[in-house]
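Note sheet for the following structure.
Each chain gets a letter, A, B and so on, in the order its sequence line appears, and its residues count up from 1.
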Amino acid sequence: MSVKTESKLERILAAGHLAITSECGPPRGSDPEVIIKKGELLKDHVDAVNVTDNQTSVTRLSSLAACIHLKLTGVDPVLQMVTRDRNRIALQSDILGAASFDINNILCLSGDHQIFGDCKEGQNVFDLDSMQLLQTVRHMRDDGKFLNGDDINRPPRMFAGAAANPFAEPYKIRVPRLAKKIAAGAEFIQTQCIYNLDRFEEWMNGVCDRGLHEKVYILAGITPMKSLGMARYMKKNVPGMDVPDQIIDRLAGVPKEKQAEEGITICLETIERLKEVKGVSGFHIMAIEWEEKVPEIVERAGLFPRPKVSDE
Amino acid sequence: MIVGQQKPLAEIWEMVRKHRKVLVLGCNSCVAVCHQGGTKQAEVLTSLLRMQATQEEAEIELVDGGIERQCEHEFFESARDAISRTDAVLSLACGVGVQFMAEKFHATPLYPALNTTFLGAVERPGFFTEKCQACGNCVLATTGGICPVSRCAKRLLNGPCGGVNKGKCEINKELDCAWCLIVNRLEALGKLDDYEDLFPLKDWSKDRAGGPRNFKVEGYLP
């Protein structure tokens, strides 16, 4: 896959390195210090940092603004953009806004339903879905045109990504759904958190059988469990999350004060096993409210120091 | 059909209580099928309002009645006299009927007794489900006859989100995931491969987004 953008993430992947991305949720306020601190904490240990877009539909500082703060600290941000809150005018406009700050990565999502957030009575938009947003990004970049066909002066040059959940129903379309996202323009994929390794490997086999791993970079989603309570909550309450009983049992088998450590150990074992899985191009480490653990995980997983790539 | 649901009695009473004579007018089409807006329901609602009036010692005369449809001129002939003799009309029609009547009886106060809820089907007696949002640009040919615009909470056109749980939508455990239904139906039709066809950006200008719609049938226009 040839390099098409200035994205550091893309160049690391294209060079054949295992890439590392992480995640930063903007604050519920306008203080940029929180984001800058997270950026400083992560920047030497990861290749790019995703910025969530009003995740779980809770209103926060905008993803684009937070990406700009991160960019200024020297981080390569991944702008997460959901189609829930903006129509095609606003989406194209924000893509151009991000491109004007040379934000080089975008993750195209539909977004959680607003019923889970702080504006349950609000309208949702969904003018486009995540696949159509991918098509829009690629059209703007590759054809240099707006959706209506008009030329864009200095088109956005973004590395286009999408999410994939190998564990969600209906299972029979899990591989076809990835193929469809690639056809829509996805160049990298960040997966849902992986706890059920057998099922993930089964999905990856299907992906490789169709040669899809040669058309897209797949970053395996990793979230360390902070406690037994978190594991139980994710198993029971988070749709599309597959937490096998072995994970619960392992965390339950150690004293409460050792559970976080056990969570990190499980996470490192997961990374070790996934390094060997054909088609895995890197890891997307989402340490929820536990960002300070990311550098340790990267180091202990033998993925530090991060590779340097030229700016060419 | 159009499905409606009666507003809470307290809200209805608040709308009509200041009038001296109110005609409670049912509509015997769609909203009668869902047991909310027909002549029979108008009669029951009138009784409830009379009880409320007695409790509050309000001087209000309530008369009930009904016509076949409140969205066509011809059916109003039988109600014209009753409407002309009342101070206000409480309509049990859908929003279409209420507005149609408002245009016909320019100086008569009109109140909606129903919340118009959706375009739906009679799933089983007493249970109605939404099936269509009248987007003006039908997609059912490519989605196995199941509509993601009206039945997916995010109206996704290219497949399910990650929130499916045992075939149900993450926002409501009683709601089937439209995309699970679509995928199963495509499989039954031997067309599961069609799932991979990308659905292009939808033209929403034929939907609500394009402004109020009308439709003219040449040859039937006066």
Heavy atoms from other residues, nucleotides or ligands near [atom1] of [X] exceed 12 (cutoff 6.0 Å):
X	atom1	result
A/Lys145	NZ	yes
B/Lys40	NZ	no
B/Arg185	CZ	no
B/Met51	CE	no
B/Leu140	CG	yes
B/Gln52	CD	yes
A/Lys235	NZ	yes
B/Arg50	CZ	yes

Considering all heavy atoms of both residues, which atom of B/Gly162 and which atom of A/Asn165 are nearest to each other, and what is their separation?
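Closest heavy-atom pair between B/Gly162 and A/Asn165: O-ND2, 3.9 Å.
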
Salt-bridge present (B/Glu187, A/Lys172; N to O < 4.0 Å)
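Looking at B/Glu187 and A/Lys172, the cut-off is met.
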
Measure the spacing between [atom1] of [X] and [atom2] of [Y] and express it to the nearest 0.5 Å.
X	Y	atom1	atom2	value
B/Leu156	A/Met131	CG	CE	9.0 Å
A/Arg177	B/Trp179	CZ	CH2	8.5 Å
A/His113	B/Asn172	NE2	CG	10.5 Å
B/Cys177	A/Glu169	SG	CD	8.0 Å
A/Ser130	B/Leu157	OG	CG	10.5 Å

Side-chain touch B/Glu170/A/Val238, heavy atoms, less than 4.5 angstrom:
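A side-chain contact under 4.5 Å is absent here.
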
Close side-chain approach of B/Pro160 to A/Ile173, heavy-atom, < 4.5 Å:
yes

Where does [X] contact chain B at under 4.5 Å (heavy atoms): side chain, backbone, both or neither?
X	answer
A/Asn87	neither
A/Phe116	side chain
A/Arg84	neither
A/Gln135	side chain
A/Thr136	side chain

In terms of heavy-atom pairs under 4.5 Å with chain A, which of B/Gly167, B/Ala153, B/Cys161 leads?
B/Ala153

Sort out for me which of B/Leu192, B/Asn184, B/Val183 touches chain A most, counting heavy-atom pairs under 4.5 Å.
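When all of B/Leu192, B/Asn184, B/Val183 are compared, B/Val183 has the most.
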
Do we see a donor-acceptor contact under 3.5 Å between the side chains of B/Lys154 and A/Asn124?
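No donor-acceptor contact under 3.5 Å links the two side chains.
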
Counting heavy-atom pairs under 4.5 Å with chain B, which one of A/Asp127, A/Leu147, A/Val125, A/Leu128 comes out on top?
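That would be A/Asp127.
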
Expected contact set for residues 193-216 of chain B against chain A at heavy-atom separation under 4.5 Å reads B/Tyr195, B/Glu196, B/Asp197, B/Leu198, B/Phe199, B/Pro200, B/Leu201, B/Lys202, B/Trp204

So, the side chain of B/Arg155 versus the backbone of A/Asp129: is there a donor-acceptor pair under 3.5 Å, distance only?
no

